[in-house]
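Have a look at the structure below before the remarks.
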Amino acid sequence: MPQIGINGIDVPAYIIATVIGLAMCLWGVQLARFISSLAFGAIMGYTAYIFTYRVFHSVALSILFALIAILIGFIIGFTLFRVVLSIIFGYTLATILVREAILILLMTVILAVIIYVLSSYLLAILFVATGASLIYKSITILGLHHTVALIIVAIVGIVGVYNQLRRRL
């Protein structure tokens, strides 16, 4: 098996991981808005396709309704991204915790409300923490001393929290 990069380290992958970590630290919430739009559009499109196909048994009609639902889901996901993220995370957690449909619905609503209330600050902090840990891991593997890496990550983390929460502070 051929070795990649220096001492078997995939240098380009860790450089890309560092850049992704930096983007998550500085603009995580803004990226979440776009990602939630895509996810909610996909969920709505899939749901519309399945429902329409079961009712009308027409692939063409199902595709048409799915495309309309994707567009609507994308718009809703972009404008109400905290609500959408809360529903998606609440549903995901509910399906892990319970199996009965009515309990899943109830747990989704309860968890979505809790996540929504906490999401304003929690979301930014989670993105900063995830991005900072990705940066730290990447730059230490690339050979930067742990202490220097920790200082860099702390500075990037502080700037990231400020950048993402500055409208709320």
Side-chain angles (χ1 to χ4, degrees), residues 4 10-138 156-157 160-161 163-168:
I4 301 172
D10 189 359
V11 175
Y14 286 106
I15 291 172
I16 292 169
T18 303
V19 171
I20 290 171
L22 186 62
M24 289 175 72
C25 277
L26 298 177
W27 305 290
V29 174
Q30 292 86 351
L31 293 172
R33 182 179 296 269
F34 180 71
I35 292 168
S36 74
S37 302
L38 292 177
F40 200 63
I43 289 169
M44 288 205 39
Y46 175 75
T47 304
Y49 181 87
I50 296 299
F51 178 75
T52 306
Y53 188 77
R54 286 184 184 165
V55 171
F56 298 110
H57 301 291
S58 169
V59 172
L61 199 55
S62 299
I63 291 173
L64 177 65
F65 276 95
L67 292 174
I68 293 168
I70 288 170
L71 180 63
I72 292 168
F74 187 80
I75 292 168
I76 291 171
F78 192 80
T79 55
L80 302 172
F81 89 101
R82 281 183 45 217
V83 172
V84 169
L85 284 176
S86 300
I87 292 169
I88 291 171
F89 287 138
Y91 175 75
T92 303
L93 289 174
T95 56
I96 292 169
L97 298 173
V98 294
R99 297 283 179 229
E100 296 179 36
I102 193 73
L103 289 176
I104 288 174
L105 180 62
L106 182 64
M107 286 289 290
T108 298
V109 171
I110 292 168
L111 290 170
V113 169
I114 293 169
I115 292 167
Y116 181 81
V117 169
L118 297 175
S119 70
S120 182
Y121 297 100
L122 187 61
L123 196 60
I125 292 168
L126 286 173
F127 272 108
V128 169
T130 304
S133 64
L134 189 58
I135 293 169
Y136 179 80
K137 178 81 171 169
S138 298
V156 170
V161 168
N163 186 49
Q164 294 189 55
L165 295 178
R166 72 175 178 252
R167 290 181 198 95
R168 292 175 186 85

To the nearest 0.5 angstrom, please state how far the [atom1] atom of [X] sits from the [atom2] atom of [Y].
| X | Y | atom1 | atom2 | answer |
| --- | --- | --- | --- | --- |
| Ile35 | Gln30 | CD1 | CD | 11.5 Å |
| Ile125 | Leu118 | CD1 | CG | 10.5 Å |
| Thr47 | Ile70 | OG1 | CD1 | 10.5 Å |
| Ile87 | Arg82 | CD1 | CZ | 12.5 Å |
| Ile16 | Leu134 | CD1 | CG | 11.5 Å |

For this session: Please say which of Ile114, Thr108, Val113 ends up in a side chain to side chain contact (heavy atoms under 4.5 Å, CB included) with Ile110.
Result: Ile114

Closest heavy-atom contact between [X] and [Y]?
| X | Y | result |
| --- | --- | --- |
| Gln164 | Trp27 | NE2-N, 4.1 Å |
| Gly77 | Ser37 | C-OG, 3.3 Å |
| Ala66 | Gly45 | CB-O, 3.4 Å |
| Ile72 | Met44 | CG2-CE, 4.1 Å |
| Leu26 | Val156 | CD2-O, 4.5 Å |
| Ala94 | Met107 | CB-CB, 3.6 Å |

Would you say [X] and [Y] make side-chain contact, with heavy atoms under 4.5 Å?
| X | Y | result |
| --- | --- | --- |
| Phe40 | Ile75 | no |
| Leu67 | Leu71 | no |
| Val98 | Leu106 | no |
| Phe81 | Leu123 | yes |
| Thr18 | Leu22 | no |

Problem set entry | Contacts of Val19 that satisfy side-chain contact (heavy atoms from CB on, under 4.5 Å) - sequence neighbours left out | none

Seminar exercise, completed: Hits for side-chain contact (heavy atoms from CB on, under 4.5 Å) against Leu126, two or more places apart or cross-chain, chain-then-number order -> Leu122

Exercise. Relative to each other, are the rings of Phe78 and Phe74 parallel, tilted or perpendicular (30° and 60° limits)?
Worked result: parallel

Exercise. Any idea how Phe65 and Phe56 line up, ring-wise: parallel (<30°), tilted (30 to 60°), or perpendicular (>60°)?
Worked result: parallel

For this session: Under the side chain to side chain contact (heavy atoms under 4.5 Å, CB included) rule, what do Tyr46 and Phe51 come out as? Steps first, then yes or no, please.
Result: CA-CA 9 Å; Tyr46 175 75; Phe51 178 75; over 6 Å; no

Exercise. Within the side chain of Ser133, is there an N or O that forms a donor-acceptor pair under 3.5 Å with the backbone of Thr130?
Worked result: yes

Problem set entry | Qualifying residues under side chain to side chain donor-acceptor pair (under 3.5 Å), relative to Tyr14, sequence neighbours excluded | none

For this session: For the pair Val59 and Tyr49, evaluate side chain to side chain contact (heavy atoms under 4.5 Å, CB included) and give the outcome as yes or no after the intermediate values.
Result: CA-CA 8 Å; Val59 172; Tyr49 181 87; 4.0 Å; yes

